[in-house]
Protein chains: 2
Amino acid sequence: MRRRVAGVGAGVEMHMARRATIDDARLLEKLGCVFRECGYEGASLAVLAKAAGLQKASLYHRFPGGKEQMAREVLAAAEALIARDILMPLKSKAPPAERVDILVRQLNGFYSAGRQACLLNMLSAAPTQEGPFAKEIKRAFAAIIAALAVALRDAGFDARSARVRSERAVMLLQGSLVLCRGMGTTRPFRDFLKRLPQELLAGRA
Amino acid sequence: MRRRVAGVGAGVEMHMARRATIDDARLLEKLGCVFRECGYEGASLAVLAKAAGLQKASLYHRFPGGKEQMAREVLAAAEALIARDILMPLKSKAPPAERVDILVRQLNGFYSAGRQACLLNMLSAAPTQEGPFAKEIKRAFAAIIAALAVALRDAGFDARSARVRSERAVMLLQGSLVLCRGMGTTRPFRDFLKRLPQELLAGRA
DNA sequence: TTGAATATACCGAACGAACGGTAAAAACAA
DNA sequence: TTGTTTTTACCGTTCGTTCGGTATATTCAA
């Protein structure tokens, strides 16, 4: 009777024998790929099940909350991954240039060099009416922008321009991924990554 | 038995009495709003019909090709609108700064000050596997980037940096709209528009 | 160390609802 | 009339979801 908690926690599963049939993290990753490719509506249970290598009913054993819980847990896992691999390095004590280099490398892996879309984009609804994941998405964007702004402040920018630069970098990231999907190339994303360091750090005090 | 042509043409409907029951352009606009809000999969015939103020079967009378034709014609209409209201002014003889001002104004209207998402983003599929509208979307992006680059060349930039700046502006536009949807605000888009002129023209030769 | 009892992981088959789509007739215009 | 537009009613399919059940572990009493 674990797995009942859909929340972000994911930690409190102690003193429970792991039963390795299909690893949870791997499962979430496979589902995540589908959501990133097709979006929420486009990700049917059929393709989700096929991607997971399970039957639909089996997915419901792991996610009693159904499709929405799947997306929610995928989103939470992505949030955790971002926090660990992107936000933490950004807030480290290393010199800003080095932090940005790490950021570039991590982003490249996270988005498979531009081949994979951003979950936050694919799961977000219209700005007028908020969807089921509005809160999480908003929080994730805010966290990324804030962490990037911290690194930029450490690089010598004042709070205001650090914030502006940070937000612009996230916009460029998202925009490059949109362009990749639209143009059928990964070039925009790769170009973005190449220019990101000077985009962030050029012209600092 | 008009409307058979699903293509981009939309022009060859001469010598046919227009029969104003519900205006075609207005209809396409309403459908377009749905596609921009929900994406292709999310836009069910039920909500499309409701938005159009028609029954499903009535929609099929106008779009024998079904949902795909609806999206295709909406996309073609958007392409035409972009060509007229955005590309043409960008290629005009007016001074670059003025062209950019017009661009800002048109973009603001086109995206309802950030309240409406971009059709090109909402209709594009994964970069790995191309969807039904891949060609049109790619063409639209390329046209916008090219037209913007023309204006930037006229502003004194060399071909290479004009191209880079143009592409970056489109990325910022798309990214700002993604951020608007994700954060539930129109502020990123409005900020983008405010900064767009100097983003485009600052530092020119 | 057994053997029953209990959990866990998975699956085949089916559910009602909603999907995209169609046929035929009513309503309306010319 | 004739032809177009809209509607009501329906089709087959797929949707997300649930049920009943099987196989494999794990637990625990004897």
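Below, read A as the first sequence line, B as the second, and so on, with proteins coming before strands; counting in each chain starts at 1. Quick note: numbers below take in every heavy atom, side chains included, and nothing from hydrogens, waters or symmetry partners.
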For [X], give me all partners under side-chain contact (heavy atoms from CB on, under 4.5 Å), at least two apart in sequence or on another chain.
X        : value
B:Ala49  : B:Lys56, B:Leu59
A:Ala43  : A:Val34, A:Phe35, A:Cys38, A:Leu48
A:Arg153 : A:Ala159, A:Ala162
B:Ala94  : B:Ser92, B:Glu98, B:Arg99

Rounded to whole Å, please give me the gap between [atom1] in [X] and [atom2] in [N].
X       : N      : atom1 : atom2 : answer
A:Lys50 : C:dG12 : NZ    : P     : 14 Å
A:Asp24 : C:dC10 : CG    : C1'   : 14 Å
B:Leu54 : D:dT8  : CG    : P     : 12 Å
A:Gln69 : D:dG16 : CD    : C1'   : 14 Å
A:Leu48 : D:dC15 : CG    : P     : 10 Å

All salt bridge (Lys or Arg N to Asp or Glu O under 4.0 Å) counterparts of [X], not counting sequence neighbours:
X        : result
A:Arg195 : A:Asp191
A:Arg165 : none
A:Glu136 : A:Arg72

Checklist entry - Would you call B:Glu130 and B:Lys135 a salt bridge, taking side-chain N to carboxylate O under 4.0 Å as the test? => result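 B:Lys135 and B:Glu130: not salt-bridged.
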OP1 or OP2 of [N] under 4.0 Å from side-chain N/O of [X]:
X       : N      : answer
B:His61 : D:dT5  : yes
A:Arg62 : C:dC10 : yes
B:Ser58 : D:dT7  : yes
A:Gln55 : C:dG12 : yes

Checklist entry - Can you give the dot-bracket line for DNA chain D, where a pair is Watson-Crick or G-U wobble with both atom distances under 3.5 Å, crossing pairs use [ ], and | marks a partner on another strand? => result ||||||||||||||||||||||||||||||
Distances under 3.5 Å between protein N/O atoms and the N/O atoms of nucleotides 18-21 of chain C, please, pair by pair.
{"unit_1": "C:dC19", "atom_1": "OP1", "unit_2": "B:Ser44", "atom_2": "OG", "d": "3.3"}
{"unit_1": "C:dG20", "atom_1": "OP1", "unit_2": "B:Lys67", "atom_2": "NZ", "d": "2.8"}
{"unit_1": "C:dG20", "atom_1": "OP2", "unit_2": "B:Leu45", "atom_2": "N", "d": "2.6"}
{"unit_1": "C:dG21", "atom_1": "OP2", "unit_2": "B:Tyr60", "atom_2": "OH", "d": "2.2"}
{"unit_1": "C:dG21", "atom_1": "OP2", "unit_2": "B:Lys67", "atom_2": "N", "d": "3.0"}
{"unit_1": "C:dG21", "atom_1": "O5'", "unit_2": "B:Tyr60", "atom_2": "OH", "d": "2.6"}
{"unit_1": "C:dG21", "atom_1": "O6", "unit_2": "B:Lys56", "atom_2": "NZ", "d": "2.9"}

Validation: residues 166-179 of chain A side-chain donor-acceptor distances under 3.5 Å, sequence neighbours left out:
{"unit_1": "A:Ser166", "atom_1": "OG", "unit_2": "A:Ile145", "atom_2": "O", "d": "2.6"}
{"unit_1": "A:Glu167", "atom_1": "OE1", "unit_2": "B:Arg187", "atom_2": "NH2", "d": "2.8"}
{"unit_1": "A:Glu167", "atom_1": "OE2", "unit_2": "B:Arg187", "atom_2": "NH2", "d": "2.4"}
{"unit_1": "A:Arg168", "atom_1": "NH1", "unit_2": "B:Glu199", "atom_2": "OE1", "d": "3.4"}
{"unit_1": "A:Arg168", "atom_1": "NH1", "unit_2": "B:Glu199", "atom_2": "OE2", "d": "3.4"}
{"unit_1": "A:Arg168", "atom_1": "NH2", "unit_2": "A:Glu199", "atom_2": "OE2", "d": "3.2"}
{"unit_1": "A:Ser176", "atom_1": "OG", "unit_2": "A:Leu172", "atom_2": "O", "d": "3.4"}
{"unit_1": "A:Ser176", "atom_1": "OG", "unit_2": "A:Leu173", "atom_2": "O", "d": "2.7"}

Without placing hydrogens or testing angles, list every side-chain donor-acceptor pair under 3.5 Å for residues 102-110 of chain B, not counting sequence neighbours.
none

Item to check | Minimal non-hydrogen separation, B:Leu200 against B:Leu152, with atom names | outcome: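 Shortest heavy-atom separation between B:Leu200 and B:Leu152 comes out as O-CD2, 3.6 Å.
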Dump the pairs, protein N or O against N or O of nucleotides 19-21 of chain D, anything under 3.5 Å, distances to one decimal.
none

